[in-house]
Amino acid sequence: YEVRPDLVKGLVKLDEYNQILIDNKCQTFYPDKDEIRPGIFAAGDVTSTIFKQIVVAAGEGAKAALQAYNYLHGIKDSQLVADWSKK
């Protein structure tokens with residue numbers, strides 16, 4: 001497969017290998033800052049995660065999805081709960 005960093009260049013911060021920089025919550029950063037870019041999450045082989053394995057990418061994808069859910073529902077970090085039963 002081909003990683004296409006040009007799709008996100010200027011949107012999020014990339015490292016010297018054109019991988020998307022993320023924190024441990026799969027949050028991205030502004031391109032020219034070390035400041036979290038709210039609402040933009042990344043996971044998988046396009047990120048700076050050191051292990052490029054499908055099982056790692058799947059786990060990171062699940063983390064990113066839960067973080068995005070919490071973000072969209074206004075759930076703060078201290079709560080860290082994604083309750084799928086609520087509508």
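Counting begins at 1 with the first residue of the sequence. As a basis for the values below, the full set of heavy atoms in this structure was taken, side chains included, without hydrogen atoms, waters or symmetry mates.
- The line from CD of Gln67 to CD1 of Ile75 is 10.0 Å long, rounded to the nearest 0.5 Å.
- When all heavy atoms of Ser48 and Asp15 are compared, the pair lying nearest together is CB-OD2, 4.1 Å.
- Hydrophobic clustering, with ILVMFWY side chains joined whenever heavy atoms are under 4.5 angstrom apart, keeps Leu21 apart from Leu14.
- A donor-acceptor pair under 3.5 Å is formed between the side chain of Arg37 and the backbone N or O of Leu11.
- With hydrogens and angles disregarded, a donor-acceptor distance shorter than 3.5 Å links the side chain of Thr28 to the backbone of Ile40.
- In this structure, Gln27 and Ile36 approach most closely via the heavy-atom pair OE1-CG2, 3.6 Å.
- How far CD1 of Ile20 is from CZ of Phe29: 12.0 Å, rounded to the nearest 0.5 Å.
- For the pair Ala64 and Ala42, the tightest heavy-atom approach, listed with the atom from each and the gap, is CB-O, 4.2 Å.
- Take Glu35 and apply the side chain to side chain contact (heavy atoms under 4.5 Å, CB included) test, not counting sequence neighbours, and it matches Tyr30, Lys33.
- Membership of the apolar cluster around Ile50 extends to Phe51, Val55, Val56, as traced through chained side-chain contacts below 4.5 Å between ILVMFWY residues.
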Apply salt bridge (charged side-chain N to carboxylate O under 4.0 Å, His left out) to Lys13 and Asp34, showing your working.
CA-CA 8 Å; Lys13 190 172 196 170; Asp34 288 330; 2.5 Å; yes

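- Side chain of Lys52 to main chain of Thr49: a donor-acceptor pair is present (N/O by atom type, distance under 3.5 Å, no hydrogens or angles).
- The nearest pair of heavy atoms linking Gln19 to Thr47 is OE1-O, 3.4 Å.
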